[in-house]
Each structure stands twice: as C-alpha cells, then as structure tokens.
Protein chains: 2
Amino acid sequence: MLFHFKDQFPQLKPFLDKYLEFLKRLEVPTKTVLLEEGKVSQNYIYIEKGCVRAFFNNNGEAKTVQFFFENEGLTSFESFINNSPSLLTIETIEPSVVYLLPKKYVTELVKELVNEPEFTQLILQVSAGRQMHYMNEFFSFIRDTPEQRYQNLLNNRPHIIQRVPQHYIASYLGVTTVHLSRIKRKIAKGKSHF
Amino acid sequence: MLFHFKDQFPQLKPFLDKYLEFLKRLEVPTKTVLLEEGKVSQNYIYIEKGCVRAFFNNNGEAKTVQFFFENEGLTSFESFINNSPSLLTIETIEPSVVYLLPKKYVTELVKELVNEPEFTQLILQVSAGRQMHYMNEFFSFIRDTPEQRYQNLLNNRPHIIQRVPQHYIASYLGVTTVHLSRIKRKIAKGKSHF
DNA sequence: TAAACTTGATAACATATGTTATCGCCCTAA
DNA sequence: TTAGGGCGATAACATATGTTATCAAGTTTA
C-alpha cells in the first residue's frame, strides 16, 4: 500500500524514505502466521519473495479469500484504522522473505502525511482500488459458477494455479477439493476435443 | 457519505453547508433509475423518503447487492474517483424523495476539503467503513448458506424483509424465488414446534 | 368492473455440489 | 530403505439448489 506509490506521488518520497530504515527483514518458512484473525494488526507487511494467503476461520474450516505474491504489500486496513481485530489470518504458503513496518511507525508516518494534500489523493485512490477489488471478488462470487471462476484464474492469473496448492484454490473458488477435481477433469475433456 | 459527518467533524460543517443550496430535490415513482450501470456517476444521492436497491446485470438477470433507506446517502465511489463507469444500477423500490448533488459540486467540495486534515480523517474512516461493509457481505456469501443469510436478515434487518419485494430479497440472498419460498416454509415449520 | 400484471407458493424433475471412502503418487523423517 | 503423511483423483451416494409449470391472491390499468 504505502511504498508502491513513491513514483506516482513524488512529493511524498522523502516522507516514505525516512521510514525505510525501520523495515524489519524476516525470512520465514511455509505456514508462518504473519497476522492472526481476531488480533489487531501490528505491522504493515511487504513481500519480497514467496507468497501468502489471507483466510478466515469458519467452524474450523479455513476459507481462503486472497493470495499475495512478490512485491505486494498488505495491511488489514480496517484493523489499522480502527484498531479493530483483523477479520483475516495472513499465512505464508511458501518459504518467504518479508519486510515488516511496525504499526508505531505507520501511525507516525500517517500523522506526518495527513497535512499533505497529495496524501489525501493517494488515500482516495488506494481506497477506491481496494473497494473495487472487494466488489469485483464479491460480484464474481455472485455472478460466476465455480467452473467459470476457475477459468478466470486460468486465463488471468495462471501463476496462482501453478504456485498454490489445490486445496487452497478450491477454498478460494468456494468449493471442495473433490469438486475442483471434477471441474479440472471436465475442462481437460473439453480441451481434448480440439 | 458526505453530509452525515457534519456532527462528527465539526470543522468541516461550514464547507458542507455551503453546498446545501445546490442539492436538487426530486420526487420519483417506483422503478426510477437514479444511476445506470455502465455510466459515470453524475450525482451524489441522498434518500429523504423511500428506498432503493443497487444491482448489476448478469446476462439479463438482475443481481441485487444492497438496499438503501431513509437518511442514507450513496455514491458509486470508484465511479466518482476515477470517472469510471458504474458497476451498479441504482433504482427506487418505492415512490421516493431524493436529493441529488451534481458531480460538479462534489468535485469542487472535495477540492476545497483536500487541504483540511480533518477531511483526510473522514476519508480514512469512510473508506474503512465501506471496505468493511463489502468484506462482510462478501464473507457472509462465502460462509453462510442462503438460509442462514435469510435468518441474518430476519434478526438484524427485519425492515428489509418487510419493505422489499421477495424477488429482490431472493436475488440479494443469491437464490431463486422458488428456493426462498422453500426457505421460508422450512423456517415457519421449525417455529411452529414451539 | 374486467383484463392484465405482479407477487408468492408449490410440485416434479434436473443439475450442481457436498460427503465419505478408497486409491495412488510423491515426499520426508526415522 | 521403509512407514507415514500430504496431496490429488475418483466413485457412490446424499443434499441443496435450479428450472419449468401451475395456481391463487392481490393490484393496477383500461
């Protein structure tokens, strides 16, 4: 969220650069929890290498809602703003290298930036983008069958299918692993006709 | 979105009040379209009386995603910020009285406010709230069965069930009207045991 | 007032998806 | 090297939900 926008909003660069030194580099194995559902987010997270998933717990069953990869940053936005417990757990899927910026510094940074009109622009833009993302995911769930959602992944984000274990993908699509297998078989059959 | 926050952010009040005179009052019948999917939002909308639904079109079938009632304001946020076509149509469900603030004035107002630190606070808060809303709707779709979603409506927002025609509710729940009837019968049966 | 719509319930049948169990493959730890 | 565990495919059966058609009651319109 934060450090991606240096190029787009050059006036903010000096503010952001000041905080680079407070980033903590972390090398972590698979299945490391970076933020736990129900706890207040304590860090802004940036992924240098590897990938993570965001999920929430429903009666012991994990529902995966999003994947993040290299060069992406993430926060539990609402958790940061309102000090409210995170709705999601963030967990690595592969051995990963991440940078953390502790909440304390994020808060400081925001305090400094709140007087910069450019920052308001950035906030508006980031917020609109996030809202767009959740709306699109939401609408896709309503509009598309699981098979169509799988096709969307194949067409638009094949790296996810390549890197992420199938049971997480099934969870993301909203079906069981059994049904995802059926979907894959059906698609494979369809293809073999040509 | 905008005029609700006068009390919470008193410093912004004079800015907001200046624009009250540009609000256009409109009395409209049922099924009036206030914003059409695919078009750029031209107004901030405030509902004085009546109610509206937000839906998108999927192969000729309308998928309802949200209802708004008295004293609520709405914008297609992304559409406003990015001048992008709205993902949703906004249509009245009842004869309604609404106020419109043309985009021109909203833009002006935002330009004035962008230098007010309090405005950034407001933006952060509104954005977090909106994101929370869409996340919750999204997660409820993933987590809950249509029957549970109907129970949630009954428990938390019974006014919706009372005022809104059943086919819109079925669409909102993600099922056919036939299935919603089944759900209602099942719940009625369950109750009659006590 | 009568005709035409709209809304909601219901039945019969079709399809999509979940549940449980089994099998095979690959990887890793002892 | 072998035993166990994680992962994915598949089959058989169960359940949830969609589709189509019909009916009844209420509402709008000519």
Side-chain angles (χ1 to χ4, degrees), chain A residues 29-32 51 53 55 58-64 67 91-95 140-154 158 160-192, chain B residues 28-32 50-51 53 55 58-64 67 91-95 140-154 158 160-192:
Chain A
T30 303
K31 298 211 178 185
T32 305
C51 70
R53 69 187 180 113
F55 67 94
N58 185 38
N59 299 325
E61 189 193 4
K63 299 280 191 175
T64 299
F67 302 104
E91 186 186 272
T92 55
I93 293 178
E94 299 173 358
S140 154
F141 233 92
I142 294 175
R143 170 175 37 223
D144 303 327
T145 64
E147 182 177 338
Q148 286 173 310
R149 282 166 57 73
Y150 185 73
Q151 282 284 10
N152 291 346
L153 277 192
L154 273 178
I160 291 185
I161 290 173
Q162 285 151 22
R163 285 176 74 170
V164 175
Q166 181 159 318
H167 57 285
Y168 295 147
I169 292 180
S171 167
Y172 172 77
L173 295 177
V175 297
T176 59
T177 56
V178 174
H179 195 63
L180 177 52
S181 274
R182 283 195 278 245
I183 288 171
K184 290 173 76 172
R185 182 170 34 153
K186 189 174 166 199
I187 289 177
K189 263 192 201 164
K191 265 192 189 164
S192 69
Chain B
V28 295
T30 303
K31 298 214 177 180
T32 304
C51 70
R53 68 188 180 114
F55 67 95
N58 185 38
N59 298 325
E61 189 192 6
K63 300 280 192 175
T64 299
F67 302 103
E91 186 186 272
T92 55
I93 292 178
E94 299 174 359
S140 154
F141 233 91
I142 294 175
R143 170 176 37 225
D144 303 327
T145 63
E147 183 177 339
Q148 287 172 310
R149 282 165 58 73
Y150 185 73
Q151 282 284 10
N152 291 344
L153 278 193
L154 272 179
I160 291 185
I161 290 173
Q162 285 151 22
R163 285 177 73 171
V164 175
Q166 181 159 315
H167 58 282
Y168 296 147
I169 292 181
S171 166
Y172 172 76
L173 296 177
V175 298
T176 59
T177 55
V178 173
H179 194 63
L180 177 51
S181 273
R182 283 195 279 245
I183 288 171
K184 288 174 76 171
R185 179 169 37 153
K186 191 175 164 198
I187 289 176
K189 264 192 201 162
K191 265 192 189 163
S192 71

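Every chain is numbered from 1, with letters handed out A, B, ... down the list of sequences.
Residue B:Q166 has a polar side-chain atom (N or O) positioned under 4.0 Å from OP1 or OP2 of C:dA9. Between C:dA9 and B:K184, a contact under 4.0 Å exists linking OP1 or OP2 to a side-chain N or O. Not one side-chain nitrogen or oxygen of B:T177 sits closer than 4.0 Å to the OP1 or OP2 atom of C:dG8.
For the pair A:V164 and A:T64, the minimum side-chain heavy-atom distance is 4.5 Å or more. For the pair B:V175/B:Y150, no side-chain contact is recorded, criterion being any heavy-atom separation below 4.5 Å from C-beta on. Between B:E61 and B:S171, the closest side-chain pair of non-hydrogen atoms is not below 4.5 Å. By the 4.5 Å heavy-atom criterion applied to side chains, B:K63 and B:F55 are not counted as neighbours.
Here the C1' atom of nucleotide C:dT17 and the CZ atom of A:R182 are 6 Å apart, to the nearest Å. Nucleotide D:dA14 holds its C1' atom 15 Å from the NE2 atom of A:H179, rounded to whole Å. If you take CG of B:L173 and P of D:dA16, they are 17 Å apart, rounded to a whole angstrom. Rounded to whole Å, atom P of C:dT6 lies 10 Å from atom OH of B:Y168. Rounded to whole Å, atom P of C:dA16 lies 18 Å from atom OH of A:Y150. In this structure, A:I169 atom CD1 and D:dG8 atom C1' are separated by 12 Å, rounded to whole Å. When rounded to the nearest whole Å, the span between CG of B:L180 and P of D:dT19 equals 15 Å. Atom pair B:H167:NE2 and D:dT19:P shows a separation of 16 Å (rounding to whole Å applied).
For B:K31 and B:E91, the salt-bridge test fails: no basic side-chain N is under 4.0 Å from an acidic carboxylate O.
When each of C:dT17, C:dT10, D:dG8 is scored by its nearest atom to the side-chain atoms of A:P146, the top-ranked nucleotide is C:dT17. Considering only side-chain atoms of A:S181, the nucleotide from C:dT10, C:dG18, D:dG8 that sits closest is D:dG8.
Toward the 5′ end of DNA chain C lies the nearest nucleotide of B:K31, the other residue of the pair B:K31 and B:V178 mapping further downstream.
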